[in-house]
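Protein chains get the first letters and strands the later ones, always in sequence-line order, with residue 1 at the start of each.
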Amino acid sequence: MFALVDCNNFYASCERLFRPDLRNKPIAVLSNNDGCAIARSEEAKALGIPMGAPAFKIRHLKARGLITMSCNFPLYADLSNRVMQTLKDESPDVSVYSIDEAFINLNKIKDPLNFGLSLKKTVERNTGISISIGIGPTKTLSKAANRYAKKNNNKTNYVYVIDKNCTHLLNTMDTQDVWGIAQGLGKRLALCNIFTATDLALMKPYKARRIGGVGLERIVRELKGISCLSLDETPSGTKSIMVSRTFGQLQTHFEGLSQSIAMFAARVSEKARSKKREGQYVTIFLRTNKHRKQDRQYHVSLSTSLKHPSADTRDICHAALTLLKKIYKPGFNYNKAGVLLTALTPKEGRQFNLLSQPRIKSDELMDAIDKINFINGKETIRFATSGVHRKWKMKQNNLSPAYTTRWSDLPKALVK
DNA sequence: TCTGGGGTCCTAGGACCC
DNA sequence: TCTGGGGTCCTAGGACCC
């Protein structure tokens with residue numbers, strides 16, 4: 001048996017935790033650049049705001065009490081860690097799946113329902129974050145159970161255990177609500193008269209493979225109750241690291257792009273070092289805004305191989321800027337760019353190259369940079385290629401304080 | 001005017017190996 | 001006239017996840 005634990009309206013709940021005045025009010029948390037809604041409180045959902053709604057299309061709802069907030073990932077990451085730590089304290093087999101979700105292996109648990117109910121209480125007491133728990137014989141079914149628990153919380157109290165006979169639950173589930181199926185597959189399935197999760201569960205696996213490859217076959221088997229996805233307690237480690245941003249203003253000139261690419265490359269290198277990994281390939285991409293029909297469109301990416309795996313900012317920056325010179329074309333309105341480092345391997349057990357040695361004292365230099373920036377704040381020292389005047393900086397007009405990760409932002413309690 | 005960021009996995013095709 | 005089989009690795013692109 002698997003349990004899927006999912007935090008309810010996670011980002012919105014985090015924003016509320018230190019702002020009791022926001023309880024029972026419609027809140028939408030916006031993506032970077034305050035672009036679109038990526039989380040909504042129940043009250044905001046009730047206003048009819050769909051996931052991913054552009055901010056400018058929901059602005060008029062402020063008149064009806066909607067509060068929009070910029071996203072505050074340091075806060076969400078810290079609260080996520082607290083939730084995950086509580087789960088790990090309560091159960092030995094936890095696999096963190098995303099910032100607000102984790103799977104738990106329940107094979108040794110005799111009474112899954114009571115385990116779930118008590119786990120929910122503990123997490124809420126320890127962290128203040130409300131969670132839902134779905135329990136089932138496969139990961140896909142536990143996801144379905146979780147969805148059911150949330151939708152019927154007046155009956156389930158946010159905890160639901162699926163049993164072998166779960167037709168009532170799958171009957172009312174569209175294919176696109178099944179974990180792993182989105183628009184593309186959903187449309188293809190509809191052409192074959194497959195509309196509900198029950199239709200899927202009754203499919204022959206070989207037929208599923210023909211329509212949607214090995215992924216869909218797995219989904220079908222999992223819905224039948226045959227576990228194909230294991231808990232994966234020890235994931236193999238990060239395989240790729242990306243840093244990308246939509247610009248605050250459209251960029252046309254090489255200089256602005258090269259500054260942002262250099263900064264992304266520096267961030268990618270820093271992230272790799274913090275994970276003690278090194279990457280072999282550097283990819284960059286540029287794109288124009290697909291929503292601007294009046295603009296000529298250009299979406300492009302290009303990769304290169306480093307001489308040896310590296311997490312040295314100089315290596316990755318140099319590779320990224322060389323790539324940029326190759327793909328940059330003047331005359332386009334670029335709105336997004338990014339740098340990707342792939343084929344990551346652990347720094348321990350690094351494979352050296354007979355013909356090209358790593359830079360001398362690279363580790364010491366990078367270490368010094370990271371330490372200075374850790375102690376004195378981000379980008380206290382940085383490479384000059386990443387620019388001084390940052391026109392492409394992103395918008396964050398309603399950013400909450402870093403309540404739990406910055407001394408100056410600690411919440412204050414007034415005692416009268 | 002204004003539409004996110006960071007991941008994983010799969011597939012197809014090409015280059016290359018013996 | 002007629003040119004194999006079985007692999008791996010890499011890249012690009014797409015689909016999907018939260």
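- With the 3.5 Å cutoff on both pairing distances, Watson-Crick and G-U pairs in DNA chain B assemble into runs of at least 3 at B:5-18 with C:5-18.
- Counting only residues at least two apart or on different chains, the side-chain hydrogen bond (donor to acceptor under 3.5 Å, both in side chains) pairs with a member in residues 166-178 of chain A are A:Arg147-A:Asp177, A:Tyr160-A:His168, A:Asn165-A:Thr167, A:Asn171-A:Thr198.
- Using a 4.5 Å cut-off on side-chain heavy atoms (C-beta onward), A:Thr404 and A:Leu75 make contact.
- When heavy atoms are screened at a 4.0 angstrom cut-off, A:Gly215 is found touching no nucleic acid atom at all.
- Remark: A:Ser31 is not in phosphate contact with B:dT3, judged by side-chain N or O atoms under 4.0 Å from OP1 or OP2.
- Looking at heavy-atom distances under 4.0 Å, A:Ala182 makes contact with sugar-phosphate atoms alone, never a base.
- The shortest side-chain heavy-atom distance between A:Leu340 and A:Val268 does not fall under the 4.5 Å cut-off.
- Centroid-to-centroid, the aromatic rings of A:Trp179 and A:Phe103 come within less than 6.0 Å.
- Contact annotation: A:Lys336 does not reach the phosphate of B:dT3 (side-chain N/O to OP1 or OP2, under 4.0 Å).
- OP1 or OP2 of B:dG6 has at least one side-chain nitrogen or oxygen of A:Ser244 nearer than 4.0 Å.
- Atom NZ of A:Lys57 sits about 11.0 Å away from atom SG of A:Cys36, to the nearest 0.5 Å.
- Within the 4.0 Å cut-off from OP1 or OP2 of B:dG6, at least one side-chain nitrogen or oxygen of A:Arg245 is found.
- Contact check, A:Arg292 against B:dC2: a side-chain N or O comes under 4.0 Å of OP1 or OP2.
- An OP1 or OP2 oxygen of C:dC18 is reached within less than 4.0 angstrom by a side-chain nitrogen or oxygen of A:Lys143.
- A salt bridge links A:Glu42 with A:Lys45: the closest approach of a Lys/Arg side-chain nitrogen to an acidic carboxylate oxygen falls below 4.0 angstrom.
- For the residue pair A:Ser362/A:Asp312, the side-chain donor-acceptor check at 3.5 Å is satisfied.
- Within 4.0 Å of A:Leu30, counting heavy atoms only, lies no atom of the nucleic acid at all.
- Using a 4.0 Å heavy-atom criterion, one finds that A:Phe10 contacts no nucleic acid atom at all.
- A close approach under 4.0 Å does not occur between any side-chain nitrogen or oxygen of A:Ser240 and OP1 or OP2 of B:dG6.
- The residue A:Val29 sits apart from the nucleic acid: no heavy atom pair falls under 4.0 Å.
- Between B:dT3 and A:Thr246, no contact under 4.0 Å exists linking OP1 or OP2 to a side-chain N or O.
- Residue contacts for A:Tyr281: at a heavy-atom cut-off of 4.0 Å it reaches the sugar-phosphate backbone alone, with no base atom in range.
- Annotation: C:dC17 and B:dT3 have their P atoms spaced 24 Å apart (nearest Å).
- The phosphate of B:dC9 (OP1 or OP2) has no side-chain N or O of A:Arg218 nearer than 4.0 angstrom.
- Listed in residue order, the members of residues 127-142 of chain A having a heavy atom less than 4.0 Å from DNA chain B come to none.
- Around atom CZ of A:Phe73, more than 12 heavy atoms belonging to other residues, nucleotides or ligands sit under 6.0 Å away.
- Note that CD of A:Gln249 is 10.5 Å distant from OG1 of A:Thr252, once rounded to the nearest 0.5 Å.
- The residue A:Asp34 sits apart from the nucleic acid: no heavy atom pair falls under 4.0 Å.
- Within 4.0 Å (heavy atoms only), A:Ser305 reaches no atom of the nucleic acid at all.
- Across all strands, A:Arg267 comes closer than 4.0 Å to no nucleic acid atom at all (heavy-atom distances).
- Screening A:Tyr328, A:Phe285, A:Phe332 for a ring-ring contact (aromatic ring centres under 6.0 Å, His included) with A:Tyr298, the sole residue that qualifies is A:Phe332.
- One finds no side-chain N or O of A:Asn33 lying less than 4.0 angstrom from the OP1 or OP2 phosphate oxygen of B:dT3.
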